[in-house]
Amino acid sequence: MSASNLNFLVLDDDQLLRFMMKKMLRSFSAAKVLEASNGTEALEILRVPETKPVDIILCDLNMPGMDGMEFIRHLGEAHSTASVIIISSHDDTLIAAVRKMALAYHVNLLGTLQKPVTRTQLEALILQQKSALPRKAAYASATPNFTLEDILQGIERKEFEPFYQPKVSFKTGLINGAEALARWIHPQYSVIAPYAFIELLEKSGNIDELTFLILEKAAIACQALHDNGHIISVSVNLSSKSLNNPALAEKITQAVRNAGVDPKYIMLEITESATMTDVAQSLENLARLKMHGFGLSIDDYGTGFSNMQQMTRIAFSELKIDQSFVKGCADNKNLCVVVRSSIEMAHKLKIECTAEGVETREDWDTLKGMECDTAQGYFIAKPMSLASLLAFCATHTPDVLFAA
Ligand code: C2E
Ligand code: CA
Ligand code: CA
């Protein structure tokens with residue numbers, strides 16, 4: 001059992017439940033099991049610097065004083081790297097709301113367990129810890145902290161390259177697109193993932209520098225794919241902050257046309273976000289992009305803010321369910337509820353639904369059963385260079401996805 005190197009904290013006002021959980025965790029030979037009867041006590045424990053901090057917190061929702069929701073908020077505000085498992089006797093709708101809230105606070109929720117908790121269920125969630133480390137934390141240890149100046153210099157030297165992750169139709173198993181994901185090919189540190197530079201670029205108002213570099217390269221790649229007979233679209237991430245700029249739509253259209261590509265082959269992925277401050281201006285940009293023929297995609301669906309509800313008035317062409325709902329949906333009832341309703345909503349709006357973060361055959365089968373349209377994830381392929389994508393497209397056959 002891989003709990004042997006993990007530290008746990010059990011937070012519940014019920015002493016008997018704490019006792020039971022501790023016993024169960026010890027039977028998995030957990031490295032350390034701490035306990036707290038209320039949120040304040042738990043936060044105190046987490047504040048004490050440890051050589052090895054708490055990895056997983058088992059947390060009740062309904063507690064006198066600070067409830068589970070408030071506790072999760074404090075975890076988020078403290079940028080805690082601990083993951084959370086919620087233990088509750090509440091129904092799916094509350095759990096789904098808490099999941100959404102945890103995501104908004106950037107707290108990594110491994111899942112939820114209904115009381116009474118069984119050993120097998122708990123074990124299954126703990127096993128997710130390894131693959132589900134918060135994305136930021138997972139990268140933080142491996143990459144140095146770059147300054148804005150470093151990053152801007154890198155962009156100026158055109159050291160940033162898109163890697164492409166294929167998207168595949170659930171029905172046919174054929175490739176129908178690829179998402180361009182920025183990578184910094186750093187002369188000293190090799191390949192750097194987006195978490196080391198996107199946030200700083202967005203915060204400082206410099207994200208467009210990167211967007212246009214990636215867009216130009218992605219458009220050229222799209223042309224190369226078509227030249228090789230692979231008529232697929234390429235998706236590019238667009239920060240919602242950029243939508244506040246009145247000149248954006250024209251600039252994007254120009255960049256894509258310069259590469260000789262019809263905008264209908266470029267999908268722009270936009271995440272729901274609080275940075276979309278000027279809703280009217282954003283809608284104007286989206287309408288203009290739509291008019292020029294671009295595909296528009298709602299990215300990270302389920303994690304964001306309510307502005308996007310206004311956005312559904314603009315004809316989006318794709319809804320991408322965030323990987324935090326997709327990963328492990330095959331054996332998690334609560335995730336299934338969110339995923340199914342997202343797919344239904346997309347289809348009611350007559351737009352395609354893509355699931356990102358499809359890692360296993362079980363999740364693939366579950367999503368296919370729910371009539372999701374497109375899959376993206378490690379089960380199909382990881383992001384790769386353009387040369388590798390061209391080779392992948394040339395050799396991919398659908399049967400590998402449907403094999404029993
Ligand atoms: P995203 O748009 O949600 O992209 C999907 C992320 O999930 C990618 O991470 C991809 O590598 C990862 N992924 C795909 N399938 C799987 C899977 O099966 N399992 C797991 N565990 N992960 C999977 P990546 O490349 O690190 O990008 C992170 C985020 O950085 C992106 O999330 C996007 O929000 C942002 N980003 C990347 N490139 C750009 C860009 O050019 N411009 C902007 N504004 N943001 C970008
Ligand atoms: Ca995306
Ligand atoms: Ca996502």
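Remember, it's 1-based here, ligands and their atoms both numbered in the order they're listed.
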Side chain, backbone, both or neither: which part of K382 comes within less than 4.0 Å of ligand 1 when only heavy atoms are counted? neither
Closest E179 atom to the Ca ion (ligand 2) [N, O or S only]: OE2
How far does CD1 of I270 sit from OG of S240, to the nearest 0.5 angstrom? 8.0 Å
State whether the shortest distance between N or O atoms of N237 and N or O atoms of ligand 1 falls below 3.5 angstrom. yes
Between E356 and Q376: side-chain donor-acceptor atoms closer than 3.5 Å: no
Assign the ring pair F160 / F197 to parallel, tilted or perpendicular, where the plane angle (0 to 90°) is split at 30° and 60°. perpendicular
Based purely on interatomic distance, does Q376 place a nitrogen or oxygen under 3.5 Å from a nitrogen or oxygen of ligand 1? no
Decide whether the shortest distance between a heavy atom of F379 and an atom of ligand 1 is less than 4.0 Å. no
Between OD2 of D299 and OE1 of E269, what angle is found at the Ca ion (ligand 2), rounded to 10 degrees? 90°
Please work out, at 4.0 Å between heavy atoms, whether the side chain, the backbone, both, or neither of D299 comes within that distance of ligand 1. side chain
Short side-chain donor-acceptor distance under 3.5 Å, R119 and S27: yes
Honestly, for K320 the part within reach of ligand 1 (heavy atoms, under 4.0 Å) is neither
Where does A182 meet ligand 1, judged by heavy-atom distances below 4.0 Å: at the side chain, the backbone, both, or neither? both
